[in-house]
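These figures come from a predicted structure and were not determined experimentally.
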Amino acid sequence: MSLPATGHCRCGALQVRVTKPPMLTAVCHCTGCQRMSGSAFSTTAMIPVDGFEVVAGEHVVGGLKGDDIHHQHCPDCLSWVFTTFGPERPFVNLRAVMLEDPSWFTPFIETCTAEKLPWAETGAPHSYEAFPPPEAFGPLLAEFAALPTTN
C-alpha cells in the first residue's frame, strides 16, 4: 500500500485519506457483511484512527447501529465505506476496495467462516469460524506488522 492513499464511495461524494499502514487486513464472511457488501464477504483494512480521515463529504450510520460499532455509509450512493468503534478500539475498519488502488490488499485473516459460502476461498493464512478471541489479536497484529511491505 502506497501512502498516503485515497479512496471514495461509489459516487465519489465521500472521500477518505489514509496516512498510516494497516494494522491488519481481513475479510468477514458473516451473513451481515455478505448482505451489506452484496458479495461473499467484506474486505477490511484496519487503520489506526490517527492515520485515517474523511477529506470530503458526509457519512451516515447504516447497517448495525450498536453502541460500539457504526457502519459508515455515503448518504448519496449508500456505499458502506468504513466502520468505527468506541474509544476502546482506536482503529477504523476501511473497506479496502474503496481505495483508489486496492490491488495491494490480501486478507491476513478471515472471520466468520462458519457462515461463508462454500465456494468463497480467500487464501488468508488465519481463519476463524467466528471472530478471533481477544487474546489472539496481539500475536496476529505482531505477525502482520512483521510481514515484508511492498512500498
Side-chain angles (χ1 to χ4, degrees), residues 1-12 14-57 59 62-64 68-74 77-85 88-151:
M1 177 180 193
S2 296
L3 296 173
T6 58
H8 58 82
C9 63
R10 171 86 190 238
C11 73
L14 178 56
Q15 299 175 19
V16 299
R17 185 170 187 259
V18 176
T19 57
K20 289 192 173 182
M23 302 162 57
L24 193 73
T25 58
V27 297
C28 182
H29 294 277
C30 80
T31 55
C33 284
Q34 290 173 16
R35 289 184 176 119
M36 283 189 16
S37 67
S39 185
F41 47 78
S42 66
T43 62
T44 292
M46 184 186 293
I47 307 294
V49 292
D50 63 348
F52 176 86
E53 65 180 314
V54 173
V55 294
H59 49 93
L64 285 179
D68 63 347
I69 187 169
H70 307 97
H71 294 129
Q72 305 290 343
H73 297 256
C74 169
C77 67
L78 302 177
S79 296
W80 177 27
V81 180
F82 61 99
T83 302
T84 57
F85 305 92
E88 72 284 351
R89 293 193 270 176
F91 56 86
V92 172
N93 279 348
L94 174 64
R95 306 284 71 80
V97 295
M98 297 296 170
L99 292 169
E100 298 295 335
D101 179 14
S103 65
W104 61 270
F105 178 83
T106 302
F108 185 67
I109 68 170
E110 60 182 345
T111 62
C112 299
T113 59
E115 300 174 48
K116 82 182 192 86
L117 297 173
W119 53 264
E121 298 298 329
T122 68
H126 300 280
S127 294
Y128 297 90
E129 287 191 357
F131 287 104
E135 63 272 10
F137 277 99
L140 286 169
L141 293 171
E143 185 180 341
F144 185 81
L147 292 174
T149 62
T150 57
N151 294 351

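Qualifying side-chain hydrogen bond (donor to acceptor under 3.5 Å, both in side chains) partners for Glu100, counting only residues two or more places apart in sequence or in other chains: His8. Residues satisfying the ring-ring contact (aromatic ring centres under 6.0 Å, His included) test with Phe85, not counting sequence neighbours, are Phe91. Checked against ring-ring contact (aromatic ring centres under 6.0 Å, His included), Phe82 has the following partners two or more places apart in sequence or in another chain: Phe52, His59.
The side-chain heavy atoms of Thr19 and Leu3, taken from C-beta on, include no pair separated by under 4.5 Å. At a threshold of 4.5 Å between non-hydrogen side-chain atoms, the residues Trp104 and Leu99 count as touching. Between Thr122 and His29, some side-chain heavy-atom pair lies under the 4.5 Å cut-off. Between Cys11 and Cys74, some side-chain heavy-atom pair lies under the 4.5 Å cut-off. Contact annotation: the side chain of Met98 never approaches that of Leu14 to less than 4.5 Å [non-hydrogen atoms, C-beta and beyond].
Side-chain atoms of Arg95 come within 3.5 Å of backbone atoms of Thr43 as a donor-acceptor pair (strictly under, hydrogens ignored).
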From CA spacing to verdict: side chain to side chain donor-acceptor pair (under 3.5 Å), Arg89, Thr84: CA-CA 9 Å; Arg89 293 193 270 176; Thr84 57; over 6 Å; no
side-chain contact (heavy atoms from CB on, under 4.5 Å) for Val55 and Gln15? Distances and angles first, verdict last. CA-CA 6 Å; Val55 294; Gln15 299 175 19; 3.8 Å; yes
What pairs of donor and acceptor atoms, side-chain ones from residues 126-135 against any protein atom, are under 3.5 angstrom apart with sequence neighbours left out?
residue: His126; atom: NE2; partner: Glu143; partner atom: OE1; Å: 3.2
residue: His126; atom: NE2; partner: Glu143; partner atom: OE2; Å: 3.2
residue: Ser127; atom: OG; partner: Glu110; partner atom: OE2; Å: 2.5

Below 3.5 Å, can you tabulate the donor-acceptor pairs from side chains in residues 20-28 to any protein atom, sequence neighbours excluded?
residue: Lys20; atom: NZ; partner: Asp50; partner atom: OD1; Å: 3.2
residue: Lys20; atom: NZ; partner: Asp50; partner atom: OD2; Å: 2.8
residue: Thr25; atom: OG1; partner: Thr106; partner atom: O; Å: 2.7
residue: Thr25; atom: OG1; partner: Phe108; partner atom: N; Å: 3.1

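Sorted by first and then second residue, the side chain to side chain donor-acceptor pair (under 3.5 Å) pairs involving residues 31-42 (not counting sequence neighbours) are Thr31-Glu115.
From Cys33, atom SG reaches atom NE2 of His71 across 6.0 Å, with rounding to the nearest 0.5 Å. Going from atom CZ of Phe41 over to atom OG1 of Thr111 covers 11.0 Å, rounded to the nearest 0.5 Å.
Residues Pro102 and Ala96 come closest through the heavy atom pair CB-O, 3.4 Å. For the residue pair Ser103 and Asp101, the shortest heavy atom distance occurs at OG-OD1, 2.5 Å.
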